Amino acid sequence: MFPPCSNCELFKVVSCELQATLPCTASQVKQVKRHGSYKDTASNWPTTLRGGSWFAKPSLLNTPLGALATRRSVRDHHIRRRANAYVQRRCESHHLSSAHLHMKLPNVLPVLALGLLTFLFACGGGSTSDSAPPPPPPSTPTFTGVLMHHNDQSTTGQNTNETVLTPANVNQTLFGKLFSYPLDGAAYAQPLYISNVQIFGGTHNVVYVATEHDSVYAFDADGGATTPFWSVNFTNASAGITTVPYTDLGGGLGPIVPEVGITGTPVIGPKSGTLFVVAMTKENGSYVHKLHALDITNGKERSGSPVVIQASVAGTGSGGSGGQIAFQSLYQLQRAGLLLLNGTVYIAFASFDDKGPYHGWILGYDASSLKQVTVWNDTPNGQKGGIWLSGASLSADSAGNIFAIVGNGTFDANTGGLDYGDSFVKLTPQGNSLTVSDYFTPFDQQSLAANDEDVGSAGFTLLPDQTGPVAHLGVSAGKSGKIYLLDRENLGKFQLVSDSQIVQSIPTALGSAANDNDYSTAAYWQGNIYFIGNGDVIKQFQLSNGQLSMGPIAQGTHQYGYPGGNMSVSSNGSSGGIVWSLEAGGINILHAYDATDVSKELYNSNQAGARDKFGAAIRFTVPTVINGKVYVAGKTELAIFGLL
């Protein structure tokens, strides 16, 4: 119970009981002490006094609410009692399990009456009849599902709430392609998924797909409709707004052909139900990136959306002028998945195949206003340094630190400079800036840069807290095929000769090609780390006491071509684990492996002949696995797999 309130202004609903504190006169208290209740002669409402607070019985509400609100002769505490009864009755009749309502009623009666009417209408009431008002609007939901690239802010790639798909039923007999939706362009972004969306007059599971034709689709995730719930396209040919032809940058914007539109995976706000996506367009000869904020229920732009992406920082590096480095859309590829962290949308940029005077950028926008709140450039006094991660998103820990891996570029941070080419960086948001609070750069950075063997070819996977000597670990591998296991609280910075200052490194662990041996972001499940290198088989490493096994504890037999594979993991808690991967490079196969032993392939989409073909796969892309289905977005269609 709440203590008595002397000013009569507290209304609170808790567990479906509304307590209204009212002024207690001496005579009223005397009546209660003598008879156990007090009868208000003006309103004919029996009430009881509990803990110093009056409670009106809602069953005795018999005066029309509209009439009540306009009876100026009624004392203000009578109106409070009627509001008490009204809300309590509404709460009980509609079985509201957790309502929290604070309401202050002024002591001036005319304002009080107006406030009451406003309150009643806000609750779905306002009727002047004796009939029960309609139910109040539902509380704002929290949307659940796969809301970002690789499933979570740690980029583990795991969904541990999969109860339908198991190693026992994922096989060519029971599992296969169910249906597909056509797309107007290639989908380099991972499909996103939300359960139980109120959309088009019903409740549906929805899968969201973005394409290089600058389109976003919302499809029925269960195949209940043949057309999308909604789709939007950000081009307008009549106004001179198109996607960007891949030929517009000397020799092509490769490897994205034939057009560039939306490349990075969007992110969805679980509270606001907003899908944030970056689209590139060519507008009357100019090149533009825009951040769009779309309502997930109808595809409409939120207030303030879209916003043109522009930025500049102080610096003397490539493409600068007058001591400033300006963001140039033509040279900047938005490849990495978007990150939504503590109310800010973070967007990373790299290059189109190392063309032009580009830099690595991270830009932050307020998720509510879309106002730009932070800008960081990783080579302001140098060149290159793209943050592309083979499509993975920036990762973030529970303390709000952001982790990025920078590709080939100028490095001088070890001598007090501001350039972080070929480095792991830990960025801490401080006000409207991102501060490098720690970093790690391999000892052979110069060689990596000279041979295009950058460490930034995959995302940085943050591992669950460990019981060994280092609690907070992160793992990744670069193009050289070397695995790096780092202490997130002490990344190690830079030292000559070796990387002995970090937790662990495993050279030549991945890939079998002459170069470019890894584009695979590590997936994690139950102490296991999974990679698929270029020209390599799937490999399973074990994490124990803060160290990785120096070699795989299990590996597959099927050799992937270029560029290897990226993975998702599904399980029902600690059991039923399955590792899913897509094989692109013209092969176009969906694979499923037993997560406890990846030498056991459970299924691949070639096993059933033509039945499970899904068109052309996109390199670096990740399957989305949730609620008994697997979503594969490719060059021409979104294919959905599940139990047959």
Side-chain angles (χ1 to χ4, degrees), residues 122 124 134-149 179-185 187 189-239 241 243 261-262 264-281 290-308 337-338 340 343 345 347 365-371 624 626-627 629 631 633 637-638 640:
S139 58
T140 302
T142 297
F143 297 102
T144 59
V146 176
L147 309 183
M148 65 175 293
H149 189 278
F179 56 94
S180 65
Y181 294 110
L183 301 175
D184 65 0
Q190 179 180 346
L192 302 180
Y193 178 104
I194 299 183
S195 302
N196 302 319
V197 180
Q198 296 295 321
I199 189 169
F200 278 75
T203 302
H204 300 274
N205 300 323
V206 183
V207 58
Y208 299 87
V209 183
T211 75
E212 294 292 348
H213 197 61
D214 272 329
S215 294
V216 179
Y217 294 90
F219 292 112
D220 188 323
D222 301 312
T226 58
T227 58
F229 290 124
W230 57 259
S231 65
V232 295
N233 182 268
F234 302 128
T235 65
N236 183 350
S238 63
I241 302 173
T243 57
I262 299 168
T265 300
V267 66
I268 296 174
K271 295 291 187 182
S272 66
T274 301
L275 184 147
F276 299 94
V277 60
V278 174
M280 186 178 187
T281 51
K290 291 180 181 177
L291 172 62
H292 297 261
L294 307 179
D295 186 326
I296 62 169
T297 66
N298 54 31
K300 294 182 179 179
E301 302 271 5
R302 297 289 196 185
S303 176
S305 176
V307 60
V308 175
L338 275 59
L340 176 59
V345 180
I347 309 165
Y365 290 83
D366 182 271
S368 297
S369 66
L370 297 190
K371 178 182 177 182
T624 297
I626 187 170
N627 285 352
K629 294 185 174 63
Y631 300 88
E637 67 178 42
L638 170 70
I640 295 86

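Since we're looking at a predicted model, the values are computed, not measured. Side chains are part of it too, since the values below use all heavy atoms of this structure and drop only hydrogens, waters and symmetry mates.
- Between Phe234 atom CZ and Asp214 atom CG the span is 7.5 Å, to the nearest 0.5 Å.
- Below 30°, between 30° and 60°, or above 60°: for Phe219 and Tyr181 the angle between ring planes is below 30°, a parallel geometry.
- Pairing each heavy atom of Ile640 with each of Ser180, the nearest pair is CD1-CA, 4.3 Å.
- Closest non-hydrogen pair, Pro270 versus Leu147, comes out as CB-CD1, 3.7 Å.
- The minimum heavy-atom distance between Arg302 and Asp295, with the atom names listed, is NH1-OD2, 3.3 Å.
- Residues Asp220 and Phe179 share a closest heavy-atom pair of O-CE1, 4.4 Å.
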Could you walk me through whether Ile194 and Thr144 pass side chain to side chain contact (heavy atoms under 4.5 Å, CB included), step by step? CA-CA 6 Å; Ile194 299 183; Thr144 59; 5.9 Å; no

So Val207 and Leu192, side chain to side chain contact (heavy atoms under 4.5 Å, CB included) or not? Walk me through it. CA-CA 6 Å; Val207 58; Leu192 302 180; over 6 Å; no

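- Formation of a donor-acceptor pair under 3.5 Å by the Tyr208 side chain with backbone atoms of Ile268 is not found in this model.
- Contact of the Asn233 side chain with the His213 side chain is registered, since non-hydrogen atoms from C-beta on lie closer than 4.5 Å.
- Under the 4.5 Å side-chain criterion, counting only non-hydrogen atoms from C-beta, Val206 is not in contact with Ile296.
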Report task. Might you work through the side chain to side chain contact (heavy atoms under 4.5 Å, CB included) test for Glu301 and Leu294, ending with a clear yes or no? Result -> CA-CA 5 Å; Glu301 302 271 5; Leu294 307 179; 3.7 Å; yes

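- The main-chain N or O of Pro182 is never found under 3.5 Å from a side-chain atom of Tyr217 such that the two would form a donor-acceptor pair.
- Between Phe276 and His292, the distance from one ring center to the other does not fall under 6.0 angstrom.
- Every pair passing salt bridge (Lys or Arg N to Asp or Glu O under 4.0 Å) that includes a residue from residues 221-231 is listed here, sequence neighbours excluded: Asp222-Lys629.
- Among all heavy-atom pairs drawn from Ala189 and Gly264, the shortest one is CB-O, 3.9 Å.
- A donor-acceptor pair under 3.5 Å is formed between the side chain of Thr624 and the backbone N or O of Pro191.
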List the steps, then state whether side-chain hydrogen bond (donor to acceptor under 3.5 Å, both in side chains) holds for Asn196 with Thr203. CA-CA 5 Å; Asn196 302 319; Thr203 302; over 6 Å; no

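- Minimum interatomic distance between Leu370 and Tyr365 (heavy atoms only, all atoms of both residues): O-CD2, 3.4 Å.
- Without hydrogens or angle criteria, Thr142 side chain to Lys271 main chain gives no donor-acceptor distance under 3.5 Å.
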Requested in this report: Using the side chain to side chain contact (heavy atoms under 4.5 Å, CB included) rule, take Trp230 and Thr297 through it: C-alpha gap first, then chi angles, then the decisive distance, then the call.
Outcome: CA-CA 8 Å; Trp230 57 259; Thr297 66; 5.7 Å; no

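- For Phe143, there are no ring pair (Phe, Tyr, Trp, His ring centres under 6.0 Å) partners, not counting sequence neighbours.
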